[in-house]
2 protein chains.
Amino acid sequence: MNTVPSQETTPSAGHWRSYAPLDLHPILMHAMRAFNEQGYHGTSVRDIAGRVGVTVPALYYHYENKQALLATLLETSIKDVLDRCRAAAREAGDDPLARFCGMVESIVLYMAHRRQLAFLDTEIRSLEPQNRARYVALRDYLEHMLLDTVEEGRAQGVFTTPIPADAVRSVLVMCQGVANWFREDGPLTAEEVAERHVLLSLGTVGHPAAVAGDVVLPFPRRTPAGRGAASRASSG
Amino acid sequence: MNTVPSQETTPSAGHWRSYAPLDLHPILMHAMRAFNEQGYHGTSVRDIAGRVGVTVPALYYHYENKQALLATLLETSIKDVLDRCRAAAREAGDDPLARFCGMVESIVLYMAHRRQLAFLDTEIRSLEPQNRARYVALRDYLEHMLLDTVEEGRAQGVFTTPIPADAVRSVLVMCQGVANWFREDGPLTAEEVAERHVLLSLGTVGHPAAVAGDVVLPFPRRTPAGRGAASRASSG
DNA sequence: GGGGACTTACTGAGCGTTCGCTCAACGTAG
DNA sequence: CTACGTTGAGCGAACGCTCAGTAAGTCCCC
């Protein structure tokens, strides 16, 4: 069966910014939560079944095994980021600066809105080689997309970093990091976090205007300053 | 017993840059490797004992339980980073720019030279609340140190980021990220990676000179360009 | 519209294995 | 003779997973 969320693939403009409540098969939903709280190996099949409110065999009726749960979740997740990032890039057109900003925004929005799915990235180690290979290939593709944009921007003099590959990896790492600390009830909305990370990322790839302070992004805040990192809780 | 590495705390200048081969009690060493490869819950006590070449009870003679192995490893690790980072900051003196660069360099050097220890950071979730609290407190202290420096630099006009707290968190995330992908046999040495991350971090906190290209760091390379991310292997 | 064939979603029981951990006993070095 | 470091044997509990079986629905044929 492997019922998967409808994936929200309507092609309307800016659709990559909109997030309906996560709609996963109940088994996947509870597996995701359990894996987040206890990790893959720390979660038993009985635990997942218990959360769902069914027996263990019912779970095996829907999914081949425990591994398939994780693989399905991770693949669902990376494909959604990739789709949204591609949509953002398409919408931004050919200008490397706009593309870069759109891609970073889309990725960070995902990390915040789909935090629990995105956080499972820490569990790739628990994927069997074949599943991991598929996942890593998709993640590499995302990195490749971003790197192409940065290198084009560099050719046009928009980005000044002498080390685009390292810059892109760092940008992705810090975007991914959002899934580690973002909390819905924190001081910043997902949109604000995305905006801030666009600015930070521009600095990382060396966009002079951003660093000189010439790029003025609106920073609507729910708290006056910025220091309070909401819940620093180091992870699940 | 809980034999712990000699910690290399000689107070000579720049000592935070030097890394002797990791010298851990064999049990800790093999536990570290196993946790890296399979995660905490994915590793059995029997597996660790087997790697060490002793029986299970021998292991329990030296460490209270499996949890103590992880807690000891993580605490050893974070304390070492903290010591080195403090030493780097002390050596840099009062100038915020120099302090910031030194601290970032020291952290990245640690992530590369002590990759296997640093990578265990992904296992904090498996720490019991008490152990986790201690670990997180130390990590927060590190973040606080860096934030103070950045805010002082901001007051002096050295850093222009309007969001220092977010910038610092991002910098730390991207430093920590080094432990995920760095390989000793990759195209870059630990020192080169540290240097590059100093530059990237300067961009992230908005150091204008870095982004304008005025800060020229030497970039000795083992490979001509930079794109090749060595082994991207997503994790352990 | 009644009935056989088939499917979907699920259950209780339990398989064999492995888990973290313990205990009594042992050789050896000081 | 004592303390240290280790061992073989094994505890109870939990693990991932499978089995045979069943209630309820859907389908199409006549």
Side-chain angles (χ1 to χ4, degrees), chain A residues 1-6 23-74 120 123-132 236, chain B residues 1-5 23-75 120 123-132 236:
Chain A
M1 273 290 95
N2 287 19
T3 314
V4 144
S6 52
D23 177 32
L24 286 176
H25 187 291
I27 291 178
L28 283 181
M29 187 73 102
H30 286 99
M32 175 190 73
R33 289 183 188 146
F35 291 159
N36 266 315
E37 291 166 21
Q38 305 153 335
Y40 177 73
H41 287 298
T43 300
S44 72
V45 175
R46 282 169 178 79
D47 179 18
I48 299 171
R51 290 166 184 247
V52 180
V54 297
T55 58
V56 170
L59 212 134
Y60 279 92
Y61 173 78
H62 291 283
Y63 294 92
E64 193 190 349
N65 50 28
K66 187 182 166 186
Q67 170 79 196
L69 291 174
L70 179 62
T72 303
L73 284 167
L74 277 171
L120 293 178
E123 292 295 341
I124 29 175
R125 162 177 48 195
S126 302
L127 283 178
E128 286 158 9
Q130 186 173 312
N131 294 327
R132 175 159 61 224
Chain B
M1 279 289 97
N2 287 17
T3 315
V4 145
D23 177 32
L24 286 176
H25 188 291
I27 291 178
L28 283 181
M29 188 71 105
H30 286 99
M32 176 190 74
R33 289 182 189 147
F35 291 159
N36 265 315
E37 291 166 21
Q38 303 152 336
Y40 178 73
H41 288 298
T43 300
S44 71
V45 175
R46 282 168 177 80
D47 179 17
I48 299 171
R51 289 166 183 249
V52 180
V54 297
T55 58
V56 170
L59 211 134
Y60 278 91
Y61 174 79
H62 291 284
Y63 293 91
E64 193 191 349
N65 50 29
K66 186 182 166 187
Q67 170 78 193
L69 290 173
L70 180 61
T72 303
L73 284 167
L74 277 171
E75 212 145 322
L120 292 177
E123 291 294 339
I124 27 174
R125 164 178 47 195
S126 302
L127 282 178
E128 285 158 11
Q130 186 173 313
N131 293 328
R132 176 161 59 221

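Just so it is clear: chains get the letters A, B, ... in the order the sequence lines come, proteins before strands, and each one is counted from 1.
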Per the under-4.0 Å heavy-atom filter, residues of residues 48-60 of chain B near DNA chain D come out as B:V54, B:T55, B:P57, B:A58

The nucleotide from D:dC15, D:dG5, C:dA9 with an atom nearest the side chain of A:R46 is D:dC15

In whole angstroms, the gap separating P of C:dC19 from CG of A:D47 amounts to 19 Å

Rounded to whole Å, CD of B:Q67 lies from P of C:dG20 at a distance of 12 Å

Between the NE2 atom in A:H25 and the CG atom in A:L69, the distance rounded to the nearest 0.5 Å is 10.0 Å

Exercise. Under 3.5 Å, is there a donor-acceptor pair between the side chain of B:R125 and the main chain of A:N36?
Worked result: yes

- Query: Any donor and acceptor pair, going by atom type alone, linking the side chain of B:S126 with main-chain N or O of B:Y40 inside 3.5 Å?
  - Reply: no

* Short question: side chain of B:E128, backbone of B:Q67 - any donor-acceptor pair under 3.5 Å? -> no

From OH of A:Y61 across to C1' of D:dA24 the rounded distance in Å is 12 Å

_If the cut-off is 4.0 Å, is A:H41 near the phosphate of D:dG16, judged by side-chain N/O to OP1 or OP2?_
no

In whole angstroms, the gap separating P of D:dA14 from CD of A:Q38 amounts to 14 Å

Does any N or O in the side chain of A:E123 come within less than 3.5 Å of the main-chain N or O of A:L70, such that one atom is a donor and the other an acceptor?
no

Between NE2 of B:H25 and C1' of D:dG5 the distance, given in whole Å, is 10 Å

Hey, is the side chain of B:S44 poking within less than 4.0 Å of OP1 or OP2 on C:dT18, counting only N and O atoms?
no

Between CG of A:N65 and P of D:dC15 the distance, given in whole Å, is 17 Å

Atom CG of B:L69 and atom C1' of C:dC19 are separated, to the nearest Å, by 15 Å

_Test side chain to side chain contact (heavy atoms under 4.5 Å, CB included) applied to A:V45 and A:I48, step by step_ = CA-CA 5 Å; A:V45 175; A:I48 299 171; 5.6 Å; no

